[in-house]
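What follows is a single structure, written as structure tokens, with notes after it.
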Number of protein chains: 2
Amino acid sequence: MAKIQKKNIEKKIYEYHAEMCKVFSHPTRLEIINTLRESEMNVTELSTRIGIDMGNLSQHLGMMRDRRILTTRKDGNVVYYRLANPKMLDAFDILRKILIEQIKKDGNLVEALEE
Amino acid sequence: MAKIQKKNIEKKIYEYHAEMCKVFSHPTRLEIINTLRESEMNVTELSTRIGIDMGNLSQHLGMMRDRRILTTRKDGNVVYYRLANPKMLDAFDILRKILIEQIKKDGNLVEALEE
DNA sequence: ATAGTATTTTATAAATTTCTAAAATACTAT
DNA sequence: ATAGTATTTTAGAAATTTATAAAATACTAT
């Protein structure tokens with residue numbers, strides 16, 4: 001394959017990778033992932049658990065489903081969401097652990113992010 | 001600790017976690033991380049490798065440093081950047097692997113993201 | 001068919017992120 | 001001090017993301 005073509009494919013992969021990671025870049029969506037850790041849940045219950053109105057929640061769920069982070073199952077008029085791939089929890093946990101260590105070690109982190 | 005207090009701390013952690021993940025939500029920043037995989041590199045070389053102008057690159061590097069994803073070392077007037085914690089590469093690789101599998105399995109992913 | 005519940009979609013305004021280009025800073029060497 | 005190189009910062013426009021509120025859809029039960 002030509003060099004220039006290979007380079008473009010790499011760039012494309014970085015774009016899709018970034019697109020996927022956008023899922024993790026919002027606190028509500030992280031809470032959704034963590035809430036679905038062990039089992040599926042329907043939209044109404046997610047809404048009360050997380051404390052967010054259903055319209056907004058549904059938007060978040062929709063974009064997470066577009067990116068294949070969540071999948072759904074429908075029973076009557078209830079929609080159940082669950083994690084598409086439990087391995088993503090490993091990535092979630094690694095980053096959260098790094099974060100917690102940093103907060104313990106480096107009090108300035110909080111300030112750096114709040115300026 | 002009071003229940004309401006605990007809830008607020010959890011919410012705060014989701015916020016910092018999301019703040020950290022914003023680093024991964026831009027293709028250029030993912031390429032920076034991948035480029036620094038084995039060794040540090042200075043800004044000028046990063047700039048030519050990635051093909052991005054230095055002003056913009058420096059902005060990305062700055063926000064990554066704020067979030068403690070990168071650290072720096074200065075030698076003369078050359079600034080070397082490196083990964084603050086190599087463990088983050090494990091998270092990077094897990095997600096990239098999930099992504100590659102999805103692209104192989106599910107041709108529609110690309111379309112879903114490009115609409 | 002009608003009413004009721006669950007979820008999604010839409011429109012729009014507000015907030016945030018990104019890129020660009022220019023200016024400023026930091027350091028080195030003469 | 002001056003000039004040159006490396007990096008950072010700034011200001012502003014453009015693009016994207018987010019929240020809110022309302023309307024629309026999908027399904028169930030009567």
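In what follows, chains are A, B, ... by sequence order, proteins preceding strands, each numbered from 1.
- Classification of B:Glu45 and B:Arg49 as a salt-bridged pair holds, one side-chain N sitting under 4.0 Å from a carboxylate O.
- Between the CD atom of B:Glu15 and the C1' atom of C:dA15 there is a distance of 15 Å, rounded to whole Å.
- Rounded to an integer number of Å, the gap from B:Tyr80 OH to D:dT8 P is 13 Å.
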Which atoms of nucleotides 15-21 of chain D (N or O only) lie under 3.5 Å from a protein N or O atom, and what are those distances?
| unit_1 | atom_1 | unit_2 | atom_2 | d |
| --- | --- | --- | --- | --- |
| D:dT17 | OP1 | A:Lys22 | NZ | 2.9 |
| D:dT18 | OP1 | A:Arg29 | NH2 | 3.3 |
| D:dT18 | OP2 | A:Arg29 | NH1 | 3.2 |
| D:dT18 | O3' | A:His26 | NE2 | 3.3 |
| D:dA19 | OP1 | A:His26 | NE2 | 3.3 |
| D:dA19 | OP2 | A:Asn56 | OD1 | 3.2 |
| D:dA19 | OP2 | A:Asn56 | ND2 | 3.4 |
| D:dA19 | OP2 | A:His60 | NE2 | 3.0 |
| D:dT20 | O4 | A:Gln59 | NE2 | 3.3 |

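- A donor-acceptor pair is defined here as one N or O able to donate and one able to accept, closer than 3.5 Å; such a pair exists between the side chain of B:Ser47 and the backbone of B:Ile52.
- Under the 3.5 Å distance criterion, the side-chain polar atoms of B:Arg65 are left unmatched by any main-chain donor or acceptor of B:Tyr81.
- A donor and an acceptor atom, one from each side chain of A:Arg96 and B:His17, are nowhere located under 3.5 Å apart.
- Classification of A:Arg37 and A:Asp93 as a salt-bridged pair holds, one side-chain N sitting under 4.0 Å from a carboxylate O.
- Within the nucleic acid shown, B:Tyr81 comes within 4.0 Å of sugar-phosphate atoms alone, with no base atom in reach, counting heavy atoms only.
- Applying the 6.0 Å contact sphere to NZ of B:Lys11 captures more than 12 heavy atoms from other residues, nucleotides or ligands.
- In this structure, the CG atom of B:Asp66 is 12 Å from the P atom of C:dT17, given to the nearest Å.
- Taking a 6.0 Å sphere around NZ of A:Lys97, one finds it holds 12 or fewer heavy atoms contributed by other residues, nucleotides or ligands.
- When the C1' atom of C:dT8 is taken as reference, atom CE of A:Met64 falls 16 Å away, rounded to whole Å.
- Note that the CE atom of A:Met20 and the CD atom of B:Gln102 stand 4.5 Å from one another [nearest 0.5 Å].
- The CG-P distance, from B:Asn42 to D:dT8, rounds to 10 Å in whole Å.
- Using modelled atom types, no side-chain atom of B:Arg29 and backbone atom of B:His60 make a donor-acceptor pair closer than 3.5 Å.
- We find that CG of A:Leu70 is positioned 11 Å from P of C:dT8, with the value rounded to whole Å.
- Within the model, atoms CD1 of A:Ile32 and CD1 of A:Ile69 stand 12.0 Å from one another, a figure rounded to the nearest 0.5 Å.
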Check your understanding: What dot-bracket string describes DNA chain C from 5' to 3', counting Watson-Crick and G-U wobble pairs whose defining distances are under 3.5 Å, with [ ] for crossing pairs and | for pairs to another strand?
Key -> ||||||||||||||||||||||||||||||
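- Checking side-chain atoms of A:Thr35 against main-chain N and O of A:Glu31 turns up a donor-acceptor pair under 3.5 Å.
- The nearest whole Å value for the distance from the CG atom in A:Leu57 to the C1' atom in C:dT9 is 14 Å.
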Which atom pairs link the protein and nucleotides 26-30 of chain D when you take only N or O atoms and keep those under 3.5 Å?
| unit_1 | atom_1 | unit_2 | atom_2 | d |
| --- | --- | --- | --- | --- |
| D:dA26 | O3' | A:Lys74 | NZ | 3.4 |
| D:dC27 | O2 | A:Asn77 | ND2 | 3.3 |

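- Closest contact between the side chain of B:Val79 and the listed nucleotides C:dT8, C:dA6, D:dT7 involves D:dT7.
- With rounding to whole Å, B:Met41 atom CE is found 16 Å from D:dA6 atom P.
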